[in-house]
Amino acid sequence: MNRDFFIAQLQSQSFDLLIIGGGITGAGIAQDAATRGLKAALIEKKDFAFGTSSRSTKLIHGGLRYLKQLEFGLVKEVGSERAVVHKLAPHLVIPEKMLLPLYEKRGLGSTLTSIGLRLYDWLAGVKPEDQRRMLTRKQTLKQEPLLNPKDVKGGAIYAEYRTDDARLTIEIIKSASEHGASIANYCEAANFIYQEGRIVGIEALDILTNKNFIIKGKAIVNAAGPWVDLLREKDKSKTGKHLHLTKGVHIVVPHKKLPVTQSIYFDVGDGRMIFAIPRGKITYIGTTDTNYSGSIDEVHTEKEDAQYLINAVNLTFTDINLGLNDIESSWAGLRPLINEEGKSASELSRRDEIFESPSGLISIAGGKLTGYRKMAERVVDLVVKRNFDERELKSCLTGSILLASSDFKNYNEVKGYHQVIFEKLKSHHLQQYADTLVSNFGKQSDDILIYFDKLTDDDHQIRLVKAQLQYCIDKEMVKKATDFFVRRVGLLYFDLPLLKEIMNPCLQIMADHFQWTENRLNEERKEIERLVQLAYRF
């Protein structure tokens, strides 16, 4: 992941496929293309996973609520994909039992829910041991004593998977790189280059050096998420269907303020479903689904978004009285959905769709995090069909390519490895960080501990974070402080107190490594402080 090396390649070589967009969709396309034998390149104008792919509910889930919309094909595809992605990175895509309370006066009711979950299990190919289990009212309240007993009729337990969306994206980017793709963040597609009306390349802007250069590509794919239509406008091909952006917000509160014993998916009064997911010292809650027409580059949680989620929690759980001042952090992201006239934000399909322009630009929008691999396969299939002899290339291989240097055969092996890391950290009184380290980095935790052993800080907590930072600079193309704090380790969302404590030592490491001027160092510090303020300004 040497950015300078890749920038030189982008300038000097011609590519079979050039992908614009470094979110989960673009990453998946780059990995699929490279592993089939195509000469692939990917550029991202900000950092990898900057947009939607670091701002989801952080679940590899099967879209249970899409059964209500009769999206059986979507549920089947993404439901089946959960198990595939879990196999590829079992440390990062973690089994999670979800409790679904059922109510007398809202939701589908016990019978319809039981039928729906049985259908869900069948469509998704869920293993017998993970298939839905219906609960009585008494069993439900025992499973989660915090639930407000008013109107609780029963419940259900069903299977999902928890992940870190940004880490998953980064690992797929790294896999694409390992298989020969040339990749660069902070590299913008400024203009398209045409020859006889067909796109043959782009004029790129290296944002870090402010230099322009040309990248040549036989096929160009626009996988820019919420920015897809902006590139279609640049290509003068935004006709017919277009994006409908909706905003999803999550808030983070101390676990002691909402000490749920497991992840819960519950109905609220307006018919939406909300998740409450415990994660170590915090519980995060989401999500909203509202129309959005503001700045795509600056999407933040507003007071009314946060209040909506707080009201939903206070209605559902007894003796819980959350307020805005309990929020430790928050995040907001955009869903790049396909517009459907007459439908509300919540009613819009989560299906992906591919657009081809007369110039040859291929754009993909819609879809879900869980379905990234199948979306990529469809795009690469189309690219191959339009530009290459299919007989000379391999078929899709991504269902068997392990991520993050993983050789875990199953989740039990992950738990065994976790215990090894736990014991290593225990000697430094850092055992509480074993879970986070393993779930973020998997077997790469061994590499991070090598960095740790070379450092000499008296404060072992700071030393461990510094080790992760150095690893991410060397192996994951971290170029700005926010790349690390927000998308590589998620401290902005999940551990603001630690971020504030280690911000300056980490900034100094980056300043020394990248030879930043004092002005650049201050700019980096101000940007982190700005994001921290926006995340918990309530």
Side-chain angles (χ1 to χ4, degrees), residues 1-13 15 18-27 30 40-55 166 169-170 173-174 176-177 181-193 201-217 220-231 233-235 295-299 334 469 472-488 492 507 510-511 513-531:
M1 292 287 283
N2 185 315
R3 186 178 182 277
D4 291 341
F5 174 76
F6 286 143
I7 289 290
Q9 283 191 329
L10 291 172
Q11 294 180 69
S12 62
Q13 299 181 11
F15 296 90
L18 171 59
I19 302 126
I20 304 168
I24 190 75
T25 306
L42 178 147
I43 60 171
E44 161 60 48
K45 75 170 183 175
K46 294 183 181 290
D47 183 35
F48 307 123
F50 171 84
T52 305
S53 298
S54 60
R55 310 184 196 207
T169 302
I170 295 297
I173 287 277
K174 287 160 66 178
S177 168
S182 300
I183 289 168
N185 53 4
Y186 298 105
C187 186
E188 182 178 1
N191 289 295
F192 292 120
I193 299 170
I202 65 166
E203 180 186 339
L205 171 64
D206 183 342
I207 292 171
L208 299 184
T209 63
N210 202 34
K211 293 180 180 178
N212 290 84
F213 60 93
I214 302 299
I215 310 175
K216 297 175 183 177
I220 313 290
V221 167
N222 168 16
W227 293 267
V228 156
D229 274 356
L230 297 181
L231 288 173
E233 288 173 0
K234 196 184 290 283
D235 181 51
S295 167
I296 302 176
D297 294 312
E298 290 284 339
V299 186
L334 299 177
L469 172 60
C472 291
I473 290 173
D474 291 346
K475 307 291 185 182
E476 297 187 348
M477 212 179 283
V478 160
K479 294 297 174 184
K480 297 186 178 183
T482 51
D483 301 346
F484 177 69
F485 290 127
V486 181
R487 289 170 290 279
R488 302 305 186 277
L492 177 68
L507 281 172
M510 298 192 75
H513 182 90
F514 294 117
Q515 298 182 320
W516 286 344
T517 64
E518 192 66 29
N519 283 343
R520 173 67 190 278
L521 179 59
N522 287 333
E523 286 173 5
E524 292 282 334
R525 182 178 290 108
K526 287 177 182 177
E527 178 61 9
I528 297 168
E529 291 171 347
R530 184 182 78 90
L531 292 179

Spatial distance of atom [atom1] ([X]) from atom [atom2] ([Y]) [nearest 0.5 Å]:
| X | Y | atom1 | atom2 | result |
| --- | --- | --- | --- | --- |
| Leu42 | Glu44 | CG | CD | 7.5 Å |
| Ser182 | Leu18 | OG | CG | 10.0 Å |
| Leu208 | Lys480 | CG | NZ | 6.5 Å |
| Tyr186 | Met477 | OH | CE | 11.5 Å |
| Cys187 | Ile43 | SG | CD1 | 4.5 Å |
| Ile214 | Ile193 | CD1 | CD1 | 3.5 Å |

Which pair of non-hydrogen atoms, one from [X] and one from [Y], has the smallest distance, and what is that distance?
| X | Y | value |
| --- | --- | --- |
| Ala511 | Leu521 | CB-CD1, 4.0 Å |
| Gly22 | Thr169 | O-CG2, 3.7 Å |
| Leu492 | Val486 | CD2-CG2, 3.7 Å |
| Ala40 | Ala30 | CB-O, 4.4 Å |
| Leu10 | Ala41 | CD2-CB, 3.6 Å |
| Ala481 | Met510 | CA-SD, 3.6 Å |

Test side-chain contact (heavy atoms from CB on, under 4.5 Å) on Ile207 and Glu188 and set out the steps.
-> CA-CA 7 Å; Ile207 292 171; Glu188 182 178 1; 4.1 Å; yes
Does the side chain of [X] reach to within under 4.5 Å of the side chain of [Y], using non-hydrogen atoms?
| X | Y | result |
| --- | --- | --- |
| Gln11 | Phe6 | no |
| His513 | Asp474 | yes |
| Phe50 | Thr482 | no |
| Ile20 | Ile220 | yes |
| Ile296 | Leu230 | yes |
| Arg55 | Val299 | yes |
| Thr52 | Thr25 | no |
| Phe192 | Leu231 | yes |

Pair Arg487-Phe48, side-chain contact (heavy atoms from CB on, under 4.5 Å): steps then yes or no | CA-CA 8 Å; Arg487 289 170 290 279; Phe48 307 123; over 6 Å; no
Under a 4.0 Å N-O cut-off, is there an ion pair linking Glu527 with Arg530?
-> yes
Answer yes when Lys174 and Glu476 have at least one side-chain N-carboxylate O distance shorter than 4.0 Å, and no when they do not.
-> yes
Could you walk me through whether Ile473 and Phe484 pass side-chain contact (heavy atoms from CB on, under 4.5 Å), step by step?
-> CA-CA 8 Å; Ile473 290 173; Phe484 177 69; over 6 Å; no
Asp206: what forms a side-chain hydrogen bond (donor to acceptor under 3.5 Å, both in side chains) with it, not counting sequence neighbours?
-> Arg3, Thr209
For atom [atom1] of [X], decide whether the heavy atoms of other residues, nucleotides or ligands shown that lie under 6.0 angstrom number more than 12.
| X | atom1 | answer |
| --- | --- | --- |
| Glu298 | CD | yes |
| Lys216 | NZ | no |
| Lys479 | NZ | yes |

Salt bridge (charged side-chain N to carboxylate O under 4.0 Å, His left out) partners for Glu523, two or more places apart | none
Apply salt bridge (charged side-chain N to carboxylate O under 4.0 Å, His left out) to Asp47 and Arg488, showing your working.
-> CA-CA 10 Å; Asp47 183 35; Arg488 302 305 186 277; 2.7 Å; yes
Could you go step by step and tell me if Ile173 and Ile183 meet the side-chain contact (heavy atoms from CB on, under 4.5 Å) rule?
-> CA-CA 8 Å; Ile173 287 277; Ile183 289 168; 4.0 Å; yes
Asp297-Trp227 side chain donor-acceptor pair, cut-off 3.5 Å | yes
